[in-house]
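Only this structure's heavy atoms are used, side chains among them; waters, hydrogens and symmetry mates stay out.
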Amino acid sequence: MVADRRGRVEGGGSGELQRVGDIRAFRTGRTVVRERIVGLEADRRFVYEALDGPFRSYRGTVELRHVVGGLRTETAVLRPLLAVVT
C-alpha cells in the first residue's frame, strides 16, 4: 500500500536512481496510480506507461531542458495506447 503522495518504487533499491522497467506507485487522494518507466535519458527525457489507476491506457513523455539554476520541463505529453475507433 502507498502511504502518501511521495510514493514508492518497485525495483531498484532504496535511494538508488530509477531505471527503465521500475514501477512507480503513488497516491492521489484515494486513488493509487502505478506507472512503469519505459524510457529514461538522465536530465533529458522520461517516458512512462500507466499500469493501474483511473487512466490505464496512456503513455507519458516528459522532456527536460537545462536552464540557469537547474532543469525546466519543456514538454509533457500523454498519449493513449488504445486506438480510437470513429
Side-chain angles (χ1 to χ4, degrees):
M1 175 169 239
V2 178
D4 57 37
R5 289 193 64 150
R6 289 176 295 190
R8 63 184 163 80
V9 175
E10 301 169 11
S14 178
E16 291 182 18
L17 294 176
Q18 294 180 22
R19 302 179 306 248
V20 171
D22 285 351
I23 297 172
R24 306 175 321 137
F26 58 92
R27 178 180 300 281
T28 300
R30 291 182 281 168
T31 304
V32 174
V33 177
R34 292 177 67 235
E35 300 170 334
R36 177 182 295 119
I37 299 170
V38 295
L40 186 59
E41 297 174 47
D43 295 339
R44 294 196 56 210
R45 189 168 186 252
F46 180 75
V47 184
Y48 58 94
E49 290 179 349
L51 299 176
D52 293 322
F55 308 104
R56 293 186 185 144
S57 297
Y58 74 85
R59 175 179 281 202
T61 302
V62 178
E63 302 278 345
L64 301 171
R65 179 170 58 114
H66 285 275
V67 295
V68 175
L71 293 171
R72 175 178 167 214
T73 302
E74 188 65 21
T75 58
V77 179
L78 297 178
R79 292 198 167 92
L81 295 176
L82 301 175
V84 177
V85 178
T86 58

Give, for atom [atom1] of [X] and atom [atom2] of [Y], the distance between the pair rounded to the nearest 0.5 Å.
X: Asp43; Y: Arg45; atom1: CG; atom2: CZ; answer: 14.5 Å
X: Asp52; Y: Arg34; atom1: CG; atom2: CZ; answer: 5.0 Å
X: Ile37; Y: Arg24; atom1: CD1; atom2: CZ; answer: 6.0 Å
X: Glu49; Y: Thr61; atom1: CD; atom2: OG1; answer: 9.5 Å
X: Glu35; Y: Phe46; atom1: CD; atom2: CZ; answer: 7.0 Å

Cluster companions of Val47 among Ile, Leu, Val, Met, Phe, Trp, Tyr (side-chain spacing under 4.5 Å): Val38
Side chain to side chain contact (heavy atoms under 4.5 Å, CB included) partners for Val67, two or more places apart: Arg65, Arg72
Side chain to side chain, Arg27 and Val32, heavy atoms closer than 4.5 Å: yes
Minimum heavy-atom distance between Leu51 and Arg36, given as atom pair plus value: CD2-NH1, 3.5 Å
